[in-house]
Peer 1: 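I have a structure here, written as C-alpha cells, and I will follow up with some questions on it.
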Amino acid sequence: MTEPMVRAQAVHKRFGSNEVLKGVTLEVAAGEVMCLLGPSGSGKSTLLRCINHLEKINSGRIYVEGKLVGYRQRGEVLHEMPEREVAREREQIGMVFQRFNLFAHMTAIQNIVEAPIRVAKRKPEEVNRAARELMDRVGLGDRLDAYPAQLSGGQQQRVAIARALAMKPKLMLFDEPTSALDPELVGEVLDVMRGLAADGMTMIVVTHETGFAREVGDSLVFMDDGIVVESGDPTAVLTNPQHKRTQAFLSKVL
C-alpha cells in the first residue's frame with residue numbers, strides 16, 4: 001500500500017492544563033486536499049502546527065511520508081531531534097498563516113527568495129528565476145518590486161503562498177488563509193489554491209469557506225473540542241451531516 005503523506009495517530013497536545021488535542025487520528029493521501037472545519041478553539045490550527053513541529057505533541061505520533069515528525073524512535077522510546085534536523089524537515093512543508101507574515105522591509109520578490117538562498121543554499125540565479133515564475137503563477141508578475149505596504153491583503157497572501165512554494169514543499173498547510181481578508185479579496189487567494197490542487201499538491205486547509213471545501217476538497221474533517229467529530233466526502237458531510245454537533249455548527253455557517 002502507498003504510504004499516506006500525513007498520518008496522525010492518537011495525537012494529544014496540552015497547553016498547561018488545557019488539552020487542545022484529545023487523541024486526533026487522521027490520514028491524508030498524497031495529492032489529497034483535506035479541509036478542516038470547526039469552531040474557534042477546536043484544535044484545527046494547533047493540529048497544523050503540530051504537523052510541522054512548530055508545536056510539540058504530548059503523546060501520539062505524526063508521520064509525513066512515513067517519517068516520524070520531530071522525533072526518532074529507538075525501541076519504544078522517542079528522542080526529540082535536534083532543532084537543525086527539525087528545520088531541515090520543515091523545509092519540505094510549506095505553511096501559510098492567517099496573517100501574511102511578510103518582511104515589511106523587503107520587496108515581494110525579496111521575501112520569496114530569502115529562504116531558498118539563505119536556508120536551502122540554492123543558487124541565486126536559479127532562485128530568482130523560479131521566484132519570478134511563482135509571482136506569475138499567483139498573478140503578481142507585475143508587482144515584483146512592491147513592498148508589502150503597497151499591496152492589498154489578498155496580494156500579500158498570494159506573495160506568502162509563493163514564498164512557501166519557493167521551498168518546493170511536498171505538503172502545504174493553510175491556516176485560515178482568507179480569514180484576515182476583505183470579502184472581495186478572498187476569491188483571488190482561493191483561485192491560487194484551486195490551481196495548486198489541480199496541480200496535485202497535497203494540502204491541509206483550515207477554512208470556513210465551505211464552498212471551497214465542497215468544490216476543491218477531497219475530504220472534510222469536522223473538529224470540535226479537540227477531537228475529530230465527523231469526516232468524509234465534503235459534499236456528503238456538508239449536505240447530510242450525521243453528528244448533532246456537526247449539524248448544529250453547519251446550521252450557523254451555511
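FYI, side chains are in, hydrogens and waters are out, and symmetry mates aren't considered; it's all heavy atoms of this structure.
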Peer 1: Can a cation-pi geometry be assigned to Lys67 and Tyr63, taking NZ or CZ under 6.0 Å from the six-membered ring centre and within 45° of the ring axis?
Peer 2: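 Negative - Lys67 is either too far from the ring of Tyr63 or too far off its axis.
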
Peer 1: Roughly how far apart are Gln98 CD and Glu176 CD, rounded to 0.5 Å?
Peer 2: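 It comes to 4.5 Å.
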
Peer 1: For residues 123-135, which side-chain N or O atoms pair as donor and acceptor with protein atoms under 3.5 Å away, sequence neighbours left out?
Peer 2:
residue: Glu126; atom: OE2; partner: Arg122; partner atom: NE; Å: 3.1
residue: Asn128; atom: ND2; partner: Pro124; partner atom: O; Å: 2.8

Peer 1: Do Pro148 and Phe100 touch side chain to side chain, with heavy atoms closer than 4.5 Å?
Peer 2: no

Peer 1: What I'd like to find out is whether the side chain of Cys50 reaches to under 4.5 Å of the side chain of Ile62, using heavy atoms alone.
Peer 2: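 With C-beta onward as the side chain, the pair touches.
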
Peer 1: Might you work through the salt bridge (Lys or Arg N to Asp or Glu O under 4.0 Å) test for Glu91 and Arg118, ending with a clear yes or no?
Peer 2: CA-CA 12 Å; Glu91 292 175 19; Arg118 288 185 178 271; over 6 Å; no

Peer 1: Report yes if the side chains of Arg61 and Arg7 come closer than 4.5 Å at any heavy-atom pair, otherwise no.
Peer 2: no

Peer 1: Under 4.5 Å between side-chain heavy atoms, hopping through other hydrophobics if needed: is there a path connecting Ile57 to Val64?
Peer 2: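 Yes, Ile57 and Val64 fall within the same hydrophobic cluster.
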
Peer 1: Testing the 3.5 Å rule here: is there a donor-acceptor pair between the side chains of Asp145 and Thr107?
Peer 2: no

Peer 1: Are Val6 and Leu47 linked, directly or through other ILVMFWY residues, by side chains that come within less than 4.5 angstrom of each other?
Peer 2: yes

Peer 1: Could you give the distance from CD (Glu80) to CD (Glu85), rounded to the nearest 0.5 Å?
Peer 2: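 The distance works out to 11.0 Å.
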
Peer 1: So, applying salt bridge (charged side-chain N to carboxylate O under 4.0 Å, His left out) with Glu83, which one of Arg90, Lys56, Arg88 is it?
Peer 2: Arg90

Peer 1: Checking Asp218 side chain against Val33 main chain: does a donor-acceptor pair fall under 3.5 Å?
Peer 2: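 Pair found, side chain donor or acceptor close to backbone of Val33.
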
Peer 1: Hey, what do you get for CD (Gln157) to CZ (Arg99), rounding to the nearest 0.5 Å?
Peer 2: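 So the gap between those two atoms works out to 10.0 Å.
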
Peer 1: Return yes if some donor-acceptor pair links the side-chain N/O of Asp225 with the main-chain N/O of Ser42 below 3.5 Å, else return no.
Peer 2: no

Peer 1: Passes side-chain contact (heavy atoms from CB on, under 4.5 Å), Leu250 versus Leu37? Steps please.
Peer 2: CA-CA 10 Å; Leu250 291 176; Leu37 197 65; 3.8 Å; yes

Peer 1: Do Leu165 and Leu144 share a hydrophobic cluster (ILVMFWY, side-chain heavy atoms under 4.5 Å, transitive)?
Peer 2: yes

Peer 1: Please name the pair of heavy atoms, one in Met167 and one in Pro116, separated by the smallest distance, quoted to 0.1 Å.
Peer 2: SD-N, 3.5 Å

Peer 1: Determine, step by step, whether His53 and Tyr71 satisfy the ring-ring contact (aromatic ring centres under 6.0 Å, His included) criterion, reporting the C-alpha distance in whole Å, the side-chain angles of both residues, the deciding distance to 0.1 Å, and the verdict.
Peer 2: CA-CA 10 Å; His53 206 61; Tyr71 300 91; 5.3 Å; yes

Peer 1: In terms of hydrophobic clustering (I, L, V, M, F, W, Y; side-chain heavy atoms under 4.5 Å; direct or indirect links), are Leu254 and Val237 co-clustered?
Peer 2: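 The answer is yes; both residues are in one hydrophobic cluster.
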
Peer 1: List the atom of Asp136, the atom of Gly141, and the distance in Å for their closest heavy-atom pair.
Peer 2: OD1-CA, 3.2 Å

Peer 1: Please report the closest heavy-atom contact between Pro39 and Arg245, naming both atoms and the distance.
Peer 2: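 It is CG-NH2, 3.7 Å.
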
Peer 1: Check for a donor-acceptor pair, side chain of Asp182 on one end and backbone N or O of Leu185 on the other, with a separation under 3.5 Å.
Peer 2: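 Pair absent, no side-chain N/O of Asp182 close to backbone of Leu185.
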
Peer 1: For residues 24-38, which residue pairs pass the side-chain hydrogen bond (donor to acceptor under 3.5 Å, both in side chains) check, not counting sequence neighbours?
Peer 2: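 For residues 24-38, and leaving out neighbouring residues, the side-chain hydrogen bond (donor to acceptor under 3.5 Å, both in side chains) pairs sorted by first residue read Glu32-Ser219.
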
Peer 1: Please tell me if the side chains of Lys170 and Glu65 come closer than 4.5 Å, counting only heavy atoms from C-beta onward.
Peer 2: yes

Peer 1: Hydrophobic clustering (ILVMFWY, side-chain heavy atoms < 4.5 Å, transitive) - are Val20 and Leu36 grouped together?
Peer 2: no

Peer 1: Is there a donor-acceptor contact under 3.5 Å from the side chain of Glu230 to the main chain of His243?
Peer 2: yes

Peer 1: Could you give the distance from OG1 (Thr46) to CD (Glu55), rounded to the nearest 0.5 Å?
Peer 2: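 Taking OG1 in Thr46 and CD in Glu55, the distance rounds to 6.5 Å.
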
Peer 1: Examine distances only and state if a side-chain atom of Glu89 and a backbone atom of Val86 form a donor-acceptor pair shorter than 3.5 Å.
Peer 2: no

Peer 1: Distance from Phe222 atom CZ to Gln242 atom CD, nearest 0.5 Å?
Peer 2: 13.5 Å

Peer 1: What I'd like to find out is whether the side chain of Ile93 reaches to under 4.5 Å of the side chain of Leu173, using heavy atoms alone.
Peer 2: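 A side-chain contact under 4.5 Å exists here.
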
Peer 1: Looking at every non-hydrogen atom in both residues, tell me the closest pair between Met95 and Leu48 and how far apart they are.
Peer 2: CE-CB, 4.0 Å

Peer 1: Between Val11 and Lys22, is a side-chain contact (heavy atoms from CB on, under 4.5 Å) present by the stated rule, with each step listed?
Peer 2: CA-CA 7 Å; Val11 173; Lys22 303 176 180 177; over 6 Å; no

Peer 1: Assess whether side-chain contact (heavy atoms from CB on, under 4.5 Å) is satisfied between Leu171 and Ile51, documenting all intermediate values.
Peer 2: CA-CA 10 Å; Leu171 168 66; Ile51 289 171; 4.1 Å; yes

Peer 1: Please tell me if the side chains of Arg72 and Leu78 come closer than 4.5 Å, counting only heavy atoms from C-beta onward.
Peer 2: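 The answer is no, as the side chains (C-beta and beyond) never meet within the 4.5 Å cut-off.
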
Peer 1: Lys44 side chain to Gly38 main-chain N or O, any donor-acceptor pair under 3.5 Å?
Peer 2: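 Answer holds: yes.
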
Peer 1: Are the side chains of Phe174 and Cys35 in touch, meaning some heavy atoms are under 4.5 Å apart?
Peer 2: no

Peer 1: Got a list of side-chain donor-acceptor pairs under 3.5 Å for residues 187-211, not counting sequence neighbours?
Peer 2:
residue: Glu188; atom: OE2; partner: Gln155; partner atom: N; Å: 3.3
residue: Glu188; atom: OE2; partner: Arg158; partner atom: NH2; Å: 3.1
residue: Asp191; atom: OD1; partner: Arg194; partner atom: NH1; Å: 2.7
residue: Arg194; atom: NE; partner: Glu215; partner atom: OE1; Å: 3.0
residue: Arg194; atom: NE; partner: Glu215; partner atom: OE2; Å: 3.0
residue: Arg194; atom: NH2; partner: Glu215; partner atom: OE1; Å: 3.2
residue: Asp199; atom: OD2; partner: Arg137; partner atom: NH2; Å: 2.6
residue: Thr202; atom: OG1; partner: Gly31; partner atom: N; Å: 2.7
residue: Thr207; atom: OG1; partner: Glu209; partner atom: N; Å: 2.8
residue: Glu209; atom: OE2; partner: Thr178; partner atom: OG1; Å: 3.4

Peer 1: Does the side chain of Leu102 reach to within under 4.5 Å of the side chain of Gln110, using non-hydrogen atoms?
Peer 2: no

Peer 1: Mind listing the closest non-hydrogen atom pair of Ala213 and Pro234 along with its distance?
Peer 2: O-CB, 3.3 Å

Peer 1: side-chain contact (heavy atoms from CB on, under 4.5 Å) between Val221 and Met34: does it pass, once the steps are laid out?
Peer 2: CA-CA 7 Å; Val221 171; Met34 174 180 282; 3.8 Å; yes

Peer 1: Closest heavy-atom contact between Gly154 and Leu181?
Peer 2: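 That closest heavy-atom pairing would be N-CD2, 3.5 Å.
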
Peer 1: Do the side chain of Lys13 and the main chain of Gly43 share a donor and acceptor less than 3.5 angstrom apart?
Peer 2: no

Peer 1: Let me confirm one number: the CG-CD1 distance from Leu140 to Ile109, rounded to the nearest 0.5 Å.
Peer 2: 11.5 Å

